[in-house]
> 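For reference, the structure I am asking about is given below.
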Amino acid sequence: MALTIKRADRLIGMTVLGTLLLVWLVLTGFDALTQFVRQLGNIGKNGFTLYDAIAYIMLTVPRRLYQMFSNAALIGGLLGLGSLAATGELTALRAAGMSKLRIAASAAGVIAILTLAVVVMGETAGPYGDQHAQAIQVRMRSSNLGATASGLWARDGGKIINAKSAIALQQDDRTTVKLVDVRVYTFTDDGQVKEFSHGDSAIHDGNRWVMSNVRTTTLDDKGTHATQSATQTWASHLNPHVLEQSVIHPEYLSMADLRRNMRYLEANGQNPGAYAVAFWGRALFAVNTLILVLCAMPFAFGSLRSGGFGKRLFLGVIMAIGWYFLQGAMVNFGTVYGMPPLLANLLPTSLLVVGALTYFRRFG
């Protein structure tokens, strides 16, 4: 019996893995193709070329794979078990003594292993690729603005501006950008540095840039002179709206980067907002994926034995869409009413857990 169970696990796992990989490839490919068509409309802007469009898409593939995995796991798992049900193999496994929960666990096991690999990719290759893809987009939006591993760089007349990072935040019912660890280099006509300013941060108040905790060093024939000021107006034509579009979305950042931005905002008495929501969403990614898959499994045991490929796919897509809107609604509800982001992310998962346990206890 033990040998039979092991063979059954292998059969279930390989079937689910095959359908999952196929669905994952289709979903990611469609998403990448759609974005590629959009990027074609930017060719010619500030030297943006077809090569840049292709490079941008290729660099964002790891992130797209990460984002599409949950839906692919749900639909792939459903189709895999559904195909076993259609051929009668699922009924045979049940007759051999395997419970529904045991069969679902076999399917979830192979998905769990793949989920761990996806989590690693989402924390390494995903953010790395998005950082370089964002640099391409920044250059396309502004010929004087660039992004590298050392942060944002911009030319503003006779000045070169560097900011270690840029954080999007809400201020006075509007979204603005705060530049962190800002350095401003002012040059003479012959290319010599005549002034260097360093500020902890800089924010656009709607009319001008204001730097905080600024230390300015001026170089002249008599030597160097340093001054310190709590705030300083920054005469710059740097467009805050371009910067706002260039800031990487919180959901694209790694957990380490999200945590760093959260700590910075909290240390300055500001609400981490979207960064906290994105952090807990990523922290619970594996748990949410596995629970979503387990909750989809009951569809494969009953009515789907007489249903076809289209019916299984339709139900899987409906459940994936429903989960997406439920989770988004709960997170938004929590954000509006001051609910802790961790709790807001856990509530939809908890509802699914209760539903899954109820089913397997009654019908497993």
Side-chain angles (χ1 to χ4, degrees), residues 7-34 61-91 93-94 98 100-122 125-126 281 284-327 348-349 352-353 355-356 359-360:
R7 288 179 177 174
D9 289 332
R10 190 158 50 247
L11 170 65
I12 295 169
M14 294 306 296
T15 302
V16 169
L17 180 62
T19 54
L20 188 158
L21 292 177
L22 178 60
V23 173
W24 197 16
L25 178 63
V26 170
L27 291 179
T28 305
F30 180 77
D31 183 50
L33 180 61
T34 302
V61 165
R63 185 250 299 168
R64 298 180 194 281
L65 286 169
Y66 178 88
Q67 291 178 319
M68 293 296 172
F69 180 74
S70 292
N71 289 338
L74 184 153
I75 299 173
L78 189 60
L79 290 177
L81 288 188
S83 65
L84 292 176
T87 58
E89 292 172 287
L90 203 58
T91 303
L93 292 175
R94 291 282 287 133
M98 289 188 73
K100 292 180 179 179
L101 181 58
R102 182 70 177 79
I103 294 173
S106 297
V110 68
I111 295 175
I113 296 173
L114 196 54
T115 300
L116 293 177
V118 171
V119 169
V120 173
M121 179 181 66
L284 297 172
F285 174 82
V287 174
N288 286 338
T289 298
L290 293 177
I291 289 177
L292 187 61
V293 169
L294 283 172
C295 289
M297 294 305 173
F299 287 109
F301 293 107
S303 60
L304 289 184
R305 282 178 295 185
S306 59
F309 179 89
K311 186 176 181 180
R312 290 190 292 272
L313 181 60
F314 175 77
L315 287 175
V317 170
I318 291 299
M319 187 169 183
I321 293 174
W323 162 257
Y324 173 81
F325 282 110
L326 173 63
Q327 189 176 44
T349 303
L352 284 180
V353 169
Y359 173 83
F360 284 116

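Fair warning: this is a prediction, and the values are worked out from it, not measured in the lab.
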> OG1 of Thr15 to CG of Leu20: how many Å apart, nearest 0.5 Å?
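Going from the OG1 atom of Thr15 to the CG atom of Leu20 covers 12.0 Å.
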> Side chain to side chain contact (heavy atoms under 4.5 Å, CB included) for Arg102 and Asp9? Distances and angles first, verdict last.
CA-CA 9 Å; Arg102 182 70 177 79; Asp9 289 332; 2.9 Å; yes
> With heavy-atom distances below 4.5 Å as the criterion, would you say the side chains of Leu290 and Val293 are in contact?
no
> Between Val119 and Tyr66, which heavy-atom pair has the shortest distance, and what is it?
CA-CE1, 4.3 Å
> Looking at CG of Leu74 and CD1 of Ile291, how far apart are the two atoms once the value is rounded to the nearest 0.5 Å?
12.5 Å
> What's the spacing between Asp31 CG and Arg63 CZ if we round to 0.5 Å?
7.5 Å
> For residues Ala107 and Val16, report the shortest heavy-atom separation together with the two atoms involved.
CB-CG2, 3.8 Å
> First locate atom CG of Leu25, then atom CE of Met68, and finally report the distance between them rounded to the nearest 0.5 Å.
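Leu25 CG to Met68 CE: 12.0 Å, rounded to 0.5 Å.
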> Give, for atom CE of Met121 and atom CG of Leu114, the distance between the pair rounded to the nearest 0.5 Å.
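Answer rounded to 0.5 Å: 8.5 Å.
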> Can you see which heavy atom on Thr289 is nearest to which on Ser70, and at what distance?
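Heavy-atom minimum between the residues: OG1-OG, 2.8 Å.
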> Measure across Leu65 and Trp24 and return the closest heavy-atom pair with its distance rounded to 0.1 Å.
O-NE1, 2.9 Å
> Which heavy-atom pair separates Val118 from Phe69 by the least distance, and what is that distance?
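Closest pair (atom of Val118, atom of Phe69, distance): CG2-CD1, 3.7 Å.
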> Gly76 and Thr19: which non-hydrogen atoms are nearest, and at how many Å?
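Gly76 and Thr19 have their closest heavy atoms at O-OG1, 2.6 Å.
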> Rounded to the nearest 0.5 Å, what separation is found between the CG atom of Leu81 and the CG atom of Leu84?
6.0 Å
